Amino acid sequence: DAALNSPSAKSGRVCGDSTRLFSTSKDMAFSLISDGMGSGKEAALTSGLCSVFLEKMLRDFPTDIMGVTFDTYWAQFAGADPAKVLLSLKGRAQCVHLKDMTVSERNENRMAPVGHGNMNFDAILAAAEQVGSEYLLVEQDNCYGEDPFVCLKKSFDYLKSIGMRF
């Protein structure tokens, strides 16, 4: 195990990123990479390295060994088109976290109930079907003071209105 959460000598800030290597009883080895959304140059370097490592794993491991849970919000937050990224994960994205994004009055990206933001869910859902996603999971990390069950109902109602069957 390698913890990267020691205080920085210069700033005293703690980086929340860490890595963990482990094996199972079935002789399978895993590496868990956790981006704790740290701050500073070290956190940026760590998350960059994690991205390179993940990309290499996606290239080198067959789809029946390594899959991903894809998150629409964080893909768009990073500046990518969620549907296009999802299409690149054919056979790997069995689970898709459906989240929407809106922009606040202060020009900040915010999570929103599915169908109540600016994402193209027609394209996202078509991509999920095309790549063989089995589970579409509605998730909203932050409801900004709104009742989470109200947000969930809004997402459910939207998905039902566009023909999703549950």
Side-chain angles (χ1 to χ4, degrees), residues 16-20 22 24 26 28-38 43 46-48 50-166:
D17 301 339
S18 63
T19 62
R20 182 175 154 91
F22 59 95
T24 69
K26 296 183 180 182
M28 295 184 73
F30 292 90
S31 176
L32 173 65
I33 304 168
S34 176
D35 181 357
M37 306 302 279
T46 301
S47 63
C50 289
S51 298
V52 170
F53 185 59
L54 180 58
E55 183 178 340
K56 180 167 178 40
M57 288 173 41
L58 288 170
R59 262 196 325 269
D60 294 346
F61 286 92
T63 58
D64 62 331
I65 292 176
M66 184 185 168
V68 299
T69 298
F70 179 74
D71 191 302
T72 58
Y73 178 88
W74 292 112
Q76 184 164 300
F77 184 87
D81 176 336
K84 286 183 181 176
V85 174
L86 190 52
L87 287 171
S88 75
L89 297 171
K90 185 171 183 147
R92 293 197 187 274
Q94 292 84 10
C95 298
V96 177
H97 285 188
L98 299 179
K99 298 180 189 172
D100 212 336
M101 178 185 288
T102 189
V103 180
S104 73
E105 293 174 4
R106 294 186 292 193
N107 205 31
E108 298 169 330
N109 291 324
R110 295 179 70 156
M111 293 181 186
V114 176
H116 294 266
N118 56 25
M119 288 201 192
N120 181 351
F121 277 99
D122 289 337
I124 291 168
L125 296 172
E129 185 173 357
Q130 189 173 339
V131 303
S133 297
E134 294 181 53
Y135 305 100
L136 304 176
L137 311 162
V138 172
E139 181 183 29
Q140 188 171 339
D141 301 355
N142 192 335
C143 295
Y144 307 97
E146 190 170 0
D147 182 331
F149 291 102
V150 170
C151 293
L152 182 59
K153 175 85 164 80
K154 287 178 182 180
S155 295
F156 175 82
D157 290 345
Y158 168 74
L159 292 169
K160 190 174 175 184
S161 77
I162 62 169
M164 292 286 299
R165 290 179 284 130
F166 303 97

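A quick note: this is a predicted structure, and the numbers were derived from the prediction, not measured.
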TODO: Please collect all side-chain hydrogen bond (donor to acceptor under 3.5 Å, both in side chains) contacts where either partner lies in residues 152-166, sequence neighbours excluded, each pair once.
DONE: E146-K154, K153-D157
- [ ] Report yes if the side chains of Y144 and M111 come closer than 4.5 Å at any heavy-atom pair, otherwise no.
- [x] yes
- [ ] Determine the minimum heavy-atom distance between G91 and T63, stating which atoms define it.
- [x] O-CB, 3.6 Å
- [ ] Tell me, please, which residues at least two apart from N109 pass side chain to side chain contact (heavy atoms under 4.5 Å, CB included).
- [x] Y73, F77, M101, V103
Open item on the list: Can you tell me how far apart CD1 (I124) and CG (D100) are? Round to the nearest 0.5 Å.
Closed with: 7.5 Å
Task: D81: partners by side chain to side chain contact (heavy atoms under 4.5 Å, CB included), with sequence neighbours left out - done: A83, K84
TODO: Determine which pairs satisfy salt bridge (Lys or Arg N to Asp or Glu O under 4.0 Å) with at least one residue from residues 103-113, sequence neighbours left out, and list them in order.
DONE: R106-E108
- [ ] Specify the closest pair of heavy atoms between E139 and K99, including all atoms of both residues, with the distance to one decimal.
- [x] O-CG, 2.8 Å
- [ ] Take T69 and Y135 through the side-chain contact (heavy atoms from CB on, under 4.5 Å) test and state the conclusion after the steps.
- [x] CA-CA 10 Å; T69 298; Y135 305 100; over 6 Å; no
Open item on the list: What I'd like to find out is whether the side chain of Q140 reaches to under 4.5 Å of the side chain of P113, using heavy atoms alone.
Closed with: yes
Open item on the list: Which residues pass the side chain to side chain contact (heavy atoms under 4.5 Å, CB included) test with A93, not counting sequence neighbours?
Closed with: V68, F70, L86, L89, S133
Task: Set of residues satisfying side chain to side chain contact (heavy atoms under 4.5 Å, CB included) with respect to D147, sequence neighbours excluded - done: F149, V150
Open item on the list: For a 4.5 angstrom cut-off between non-hydrogen side-chain atoms, does H116 reach T102?
Closed with: no
Open item on the list: Using side-chain heavy atoms (C-beta onward) and a distance below 4.5 Å, is I162 in contact with L125?
Closed with: yes
Open item on the list: Counting C-beta onward and ignoring hydrogens, is there a side-chain heavy-atom pair between V114 and T72 closer than 4.5 Å?
Closed with: no
